[in-house]
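Worksheet for the structure shown next.
As the structure is a computational prediction, the values presented were derived from the model and not from experiment.
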Amino acid sequence: MSQPIRANSILPALRQDIELHTADGLRLVGELARPLGRDPVATLVCLHPLPTHGGMMDSHVFRKAAWRLPALAGVAVLRFNTRGTSSVRGTSEGAFSGAADEKYDVAAAIEYAEFADLPNIWLLGWSFGTDLTLMHGLDPAVTGAILLSPPLRFSGPEHLAAWAADGKPVTALVPEFDDYLRPAEAVERFRAIPQAEVVGVPGAKHLWVGDAETVLDEIVRRVAPDVPVPLPREWDGPVESGDMNAYADRTVAAFADVPVPKPLD
């Protein structure tokens with residue numbers, strides 16, 4: 001019997017805990033979720049929001065991507081904690097570096113996906129993760145990039161210029177009521193990348209609360225264009241339930257008085 005896919009629904013997939021090893025000697029913890037019984041059609045390497053403000057591999061859009069997309073779209077999802085970041089999976093070695101030494105983390109994730117023979121690798125950045133994508137993700141193994149709520153805080157014109165010159169596809173999903181960069185300004189800023197597509201999402205906010213389904217549909221539309229969207233909202237098969245209370249201390253309110261770090265000089 002079909003049942004609704006809820007926020008805590010975990011659909012069937014082949015899931016394995018993984019470790020990434022960076023060129024500067026750190027061990028990062030993560031997870032790879034792959035479709036059961038078939039090869040993936042595409043791969044998402046997820047780069048999470050600011051760890052100083054609760055961002056991690058389990059930030060809700062990435063968690064839902066890993067729980068749903070292998071089954072619904074045949075997409076593999078690789079999530080990991082950047083240096084110094086913690087989640088239920090564990091804590092990655094090292095310390096937050098303001099988007100500088102995180103270049104080694106991004107490289108380690110891409111390398112893992114490449115050596116695991118995962119196809120059609122896309123970087124999926126969210127907030128701080130979009131800066132990591134733009135700054136450090138332009139790798140020959142990467143097909144393109146999807147940016148959720150890009151603040152363009154740490155990345156600079158030189159990074160946009162590099163993506164423009166390379167020609168890889170870039171899609172920015174920009175909430176109507178984003179805290180940092182809203183659609184009209186995003187269109188102007190991303191003119192620096194002629195091939196970039198800016199998609200304004202009406203009613204959405206920076207954290208995409210209540211809009212995860214829209215985000216997942218837009219991601220699949222680009223990385224797996226042969227998969228019909230919108231994705232199913234019901235599942236006829238086994239479903240597990242995830243723990244939605246594990247991150248009560250990672251809410252926006254918990255970090256309301258914590259200053260957002262600035263780019264390193």
Side-chain angles (χ1 to χ4, degrees), residues 5 11 13 32-35 38-49 59-79 106 109-110 113-114 118-127 129-134 136-152 155 159-160 162-164 166-176 178 181 183 186-187 189-202 204 206 208 211-233:
I5 298 173
L11 307 185
L32 174 61
R34 288 181 286 182
R38 55 174 169 157
D39 293 331
V41 298
T43 305
L44 296 174
V45 173
C46 301
L47 303 175
H48 60 68
S59 292
H60 81 100
V61 172
F62 290 170
R63 187 173 68 230
K64 292 166 184 171
W67 287 356
R68 301 180 194 177
L69 295 188
L72 295 180
V75 173
V77 180
L78 191 161
R79 300 177 291 151
V106 177
I110 295 170
E114 190 175 11
L118 295 170
N120 194 16
I121 300 169
W122 287 74
L123 298 183
L124 175 62
W126 180 4
S127 194
T130 68
D131 283 315
L132 296 186
T133 298
L134 292 169
H136 308 308
L138 193 55
D139 185 279
V142 170
T143 300
I146 298 177
L147 313 176
L148 310 181
S149 307
L152 297 179
S155 52
H159 304 115
L160 302 182
W163 280 85
D166 190 272
K168 292 183 188 289
V170 176
T171 296
L173 301 182
V174 182
E176 179 183 8
D178 193 82
L181 185 70
V187 168
R189 298 283 297 276
F190 279 101
R191 287 193 195 282
I193 305 178
Q195 74 273 21
E197 175 190 20
V198 176
V199 180
V201 181
H206 190 76
W208 301 103
D211 290 294
E213 286 73 19
T214 298
V215 172
L216 296 182
D217 286 344
E218 293 298 328
I219 291 168
V220 170
R221 193 190 308 275
R222 286 153 184 85
V223 307
D226 292 336
V227 176
V229 292
L231 295 169
R233 304 307 194 230

side-chain contact (heavy atoms from CB on, under 4.5 Å) assessment of Val41 paired with Asp226:
CA-CA 9 Å; Val41 298; Asp226 292 336; over 6 Å; no

Can you tell me how far [atom2] of [Y] sits from [atom1] of [X], rounded to the nearest 0.5 angstrom?
{"X": "Leu160", "Y": "Arg189", "atom1": "CG", "atom2": "CZ", "answer": "7.5 Å"}
{"X": "Glu218", "Y": "Glu197", "atom1": "CD", "atom2": "CD", "answer": "8.0 Å"}
{"X": "Thr171", "Y": "Leu147", "atom1": "OG1", "atom2": "CG", "answer": "8.0 Å"}
{"X": "Leu216", "Y": "Lys64", "atom1": "CG", "atom2": "NZ", "answer": "8.5 Å"}
{"X": "Cys46", "Y": "Ile219", "atom1": "SG", "atom2": "CD1", "answer": "7.5 Å"}
{"X": "His48", "Y": "Leu148", "atom1": "NE2", "atom2": "CG", "answer": "14.0 Å"}

With the side chain counted from C-beta on, respond yes when [X] and [Y] share a heavy-atom pair under 4.5 Å apart, and no when they do not.
{"X": "Leu132", "Y": "Leu123", "answer": "no"}
{"X": "Val45", "Y": "Leu118", "answer": "no"}
{"X": "Asp131", "Y": "Ser155", "answer": "yes"}
{"X": "Ser149", "Y": "Thr130", "answer": "no"}
{"X": "Pro230", "Y": "Glu213", "answer": "no"}

Taking every non-hydrogen atom, the tightest pair across [X] and [Y]:
{"X": "Val223", "Y": "Leu44", "answer": "CG1-CD2, 4.0 Å"}
{"X": "Gly200", "Y": "Pro183", "answer": "CA-CG, 4.0 Å"}
{"X": "His60", "Y": "Trp126", "answer": "CD2-CH2, 3.6 Å"}
{"X": "Val220", "Y": "Val229", "answer": "CG1-CG1, 3.9 Å"}
{"X": "Thr143", "Y": "Pro169", "answer": "O-CD, 3.2 Å"}
{"X": "Arg38", "Y": "Pro70", "answer": "NH2-O, 3.5 Å"}

Main-chain N/O of [Y] paired with [X] side-chain donor or acceptor, under 3.5 Å:
{"X": "Thr43", "Y": "Ile121", "result": "no"}
{"X": "Gln195", "Y": "Lys168", "result": "yes"}
{"X": "Asp211", "Y": "Thr214", "result": "no"}
{"X": "Trp163", "Y": "Leu134", "result": "yes"}

Run the numbers on Leu231 and Leu69 for side-chain contact (heavy atoms from CB on, under 4.5 Å), then give the verdict.
CA-CA 9 Å; Leu231 295 169; Leu69 295 188; 3.6 Å; yes

Checking Trp208 against Leu173 for the side-chain contact (heavy atoms from CB on, under 4.5 Å) test, could you report, in this order, the C-alpha distance in whole Å, the side-chain angles of both residues, the deciding distance, and whether it holds?
CA-CA 10 Å; Trp208 301 103; Leu173 301 182; 4.1 Å; yes

In terms of side-chain geometry, is the basic nitrogen of Arg233 or Asp217 positioned less than 4.0 Å from the acidic oxygen of its partner?
yes

Show your reasoning for whether side-chain contact (heavy atoms from CB on, under 4.5 Å) applies to Ile5 and Trp67.
CA-CA 10 Å; Ile5 298 173; Trp67 287 356; over 6 Å; no

